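Note that the structure is a prediction, hence the values are computed from the model and not measured. Computed over heavy atoms, backbone and side chain alike; hydrogens, waters and symmetry mates excluded.
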Amino acid sequence: MSEIIIRRMILSDVDAVHAIEAATFPKPWSRDAFVQEMTKNACARYLVAEEEGKVIGFAGAWVVLDEAHVTNIAVLESCRGRGIGKMLTSGLMQYAANLGVVYMTLEVRRSNLVAQSLYKSLNFEYVGVRKRYYEDNGEDAFLFCCQHMPEAEPDFEEIETVHEEETEK
């Protein structure tokens, strides 16, 4: 098996990410929604999993102050069962922690036992239910929260990081 790289999503990844989204979810986000996330939503942060130059999965979150809310995580069906979802989720948790996030939330379908198991393995805990949350079939969503984020990497810096120049006196 070749190496899987987890990296920040860029605009040229949108077509591949949208294709994965459309193949995974009953009511997928539009391609334009991902473009908006990448170009207009200052709170949005997305990662992709790449293998041999091909995007095979993605994960995203909205970061607001010290909270991150996972928007979506998906892996190509042909690549599932290899730990890629866990790599993406762990990477997203690290990225969020680097941005100062102290807890992360997400919703997961009541029937999605595989995803629930993954989240529990990463210290997410069940905190409640959102009744009839999913529009496609009225299924309930379980709300999970992780308050055990990884330590921030001390040398982390985003492209968007703004440094105030020291002024000479």
Quiz item: Would you call Lys27 and Glu21 a salt bridge, using N to O less than 4.0 angstrom?
Solution: no

Self-check item: Ser111 backbone acceptor or donor facing Glu139 side chain under 3.5 Å
Solution: yes

Self-check item: Crowding at CD1, Ile10 (>12 non-hydrogen neighbours, <6.0 Å)
Solution: yes

Quiz prompt | Derivation and outcome, side-chain contact (heavy atoms from CB on, under 4.5 Å), residues Arg7 and Val48 | solution = CA-CA 6 Å; Arg7 63 168 174 80; Val48 295; 3.5 Å; yes

Self-check item: Minimum heavy-atom distance between Ala49 and Ile6, given as atom pair plus value
Solution: CB-CD1, 3.7 Å

Quiz item: Are any of the side-chain heavy atoms of Tyr46 and Asn72 separated by less than 4.5 Å?
Solution: yes

Quiz item: Mind checking whether Tyr119 and Phe124 have ring centres under 6.0 Å apart?
Solution: yes

Quiz item: Between Glu158 and Arg45, does at least one N-O distance fall below 4.0 Å, as a salt bridge requires?
Solution: yes

Exercise. Check the pair Glu107 / Arg130 against side-chain contact (heavy atoms from CB on, under 4.5 Å), numbers first and verdict last.
Key: CA-CA 8 Å; Glu107 290 92 8; Arg130 296 190 194 276; 2.9 Å; yes

Quiz prompt | Linked, directly or transitively: Met149 and Leu99 (ILVMFWY side chains, under 4.5 Å) | solution = yes

Quiz prompt | Minimum heavy-atom distance His18-Ser30, with the two atoms named | solution = CD2-C, 3.4 Å

Quiz item: Taking NZ, NE, NH1 and NH2 as the nitrogens, is one of them in Arg132 or Asp140 under 4.0 Å from a carboxylate oxygen of the other?
Solution: no

Quiz item: Side-chain contact, heavy-atom cut-off 4.5 Å: Leu76 with Lys54?
Solution: yes

Exercise. Report yes if the side chains of Met93 and Met104 come closer than 4.5 Å at any heavy-atom pair, otherwise no.
Key: yes

Exercise. For Pro150 and Ala97, work out which heavy atoms get closest and say how close.
Key: O-CB, 3.2 Å

Quiz item: How about Trp29: does its CH2 atom have over 12 heavy atoms from other parts shown lying under 6.0 Å from it?
Solution: yes

Quiz prompt | Side-chain touch Val129/Arg110, heavy atoms, less than 4.5 angstrom | solution = yes

Quiz item: Given the rule that I, L, V, M, F, W and Y join up when any side-chain heavy atoms are under 4.5 Å apart, are Val70 and Leu113 in one cluster?
Solution: no

Quiz item: With ILVMFWY side chains joined below 4.5 Å, transitively, what does Tyr133's cluster contain besides itself?
Solution: Tyr134

Quiz item: Looking at SG of Cys43 and NE2 of His69, how far apart are the two atoms once the value is rounded to the nearest 0.5 Å?
Solution: 12.5 Å

Practice problem: Using a 4.5 Å cut-off on heavy atoms from C-beta on, say whether the side chain of Glu50 contacts that of Ile56. | Solution: no

Quiz item: Which value, rounded to the nearest 0.5 Å, describes the distance between Thr89 atom OG1 and Ile73 atom CD1?
Solution: 3.5 Å

Quiz item: Do you reckon Val35 sits in the same ILVMFWY cluster as Leu47, going by side-chain contacts under 4.5 Å, direct or chained?
Solution: yes

Self-check item: Nearest heavy-atom neighbours spanning Leu88 and Gly57
Solution: CD1-C, 3.7 Å

Self-check item: Gln147 CD: over 12 foreign heavy atoms closer than 6.0 Å
Solution: no

Quiz item: When hydrophobic residues are tied together by side-chain contacts of less than 4.5 Å, even through go-betweens, does Ile5 share a cluster with Met9?
Solution: no

Quiz prompt | Electrostatic pair Asp136:Arg109 at N-O distance under 4.0 angstrom | solution = yes

Self-check item: From CA spacing to verdict: side chain to side chain donor-acceptor pair (under 3.5 Å), Glu37, Trp62
Solution: CA-CA 9 Å; Glu37 288 289 276; Trp62 294 331; 2.6 Å; yes

Quiz item: Quick one: are Ile4 and Ile84 in side-chain contact, heavy atoms under 4.5 Å?
Solution: yes

Quiz prompt | Worked verdict on Asn98 versus Gln94 for side chain to side chain donor-acceptor pair (under 3.5 Å) | solution = CA-CA 6 Å; Asn98 290 347; Gln94 183 64 62; 2.9 Å; yes

Practice problem: Give the C-alpha distance, both sets of side-chain angles, the deciding distance and a yes or no for side-chain contact (heavy atoms from CB on, under 4.5 Å) between Ser90 and Leu122. | Solution: CA-CA 7 Å; Ser90 295; Leu122 293 170; 3.4 Å; yes

Practice problem: Provide the closest heavy-atom pair for Asp13 versus Val55 in the form atom of the first, atom of the second, distance. | Solution: OD1-CG2, 3.7 Å

Quiz item: Between Val127 and Cys145, which heavy-atom pair has the shortest distance, and what is it?
Solution: CG1-CB, 4.0 Å

Quiz item: How many angstroms lie between atom SG of Cys146 and atom NZ of Lys120, to the nearest 0.5 angstrom?
Solution: 14.0 Å

Exercise. Apply side-chain contact (heavy atoms from CB on, under 4.5 Å) to Glu125 and list each qualifying residue two or more places apart in sequence or on a separate chain.
Key: His148

Self-check item: pair Phe58-Ile20: side-chain heavy atoms closer than 4.5 Å
Solution: yes

Quiz item: Any chain of hydrophobic side-chain contacts (each under 4.5 Å) joining Val108 to Tyr126?
Solution: yes

Quiz item: Does Ala74 offer a backbone N or O that forms a donor-acceptor pair with the side chain of Thr24 under 3.5 Å?
Solution: no

Quiz item: Taking atom OH of Tyr103 and atom CG of Asp66, what is their separation to the nearest 0.5 Å?
Solution: 5.5 Å

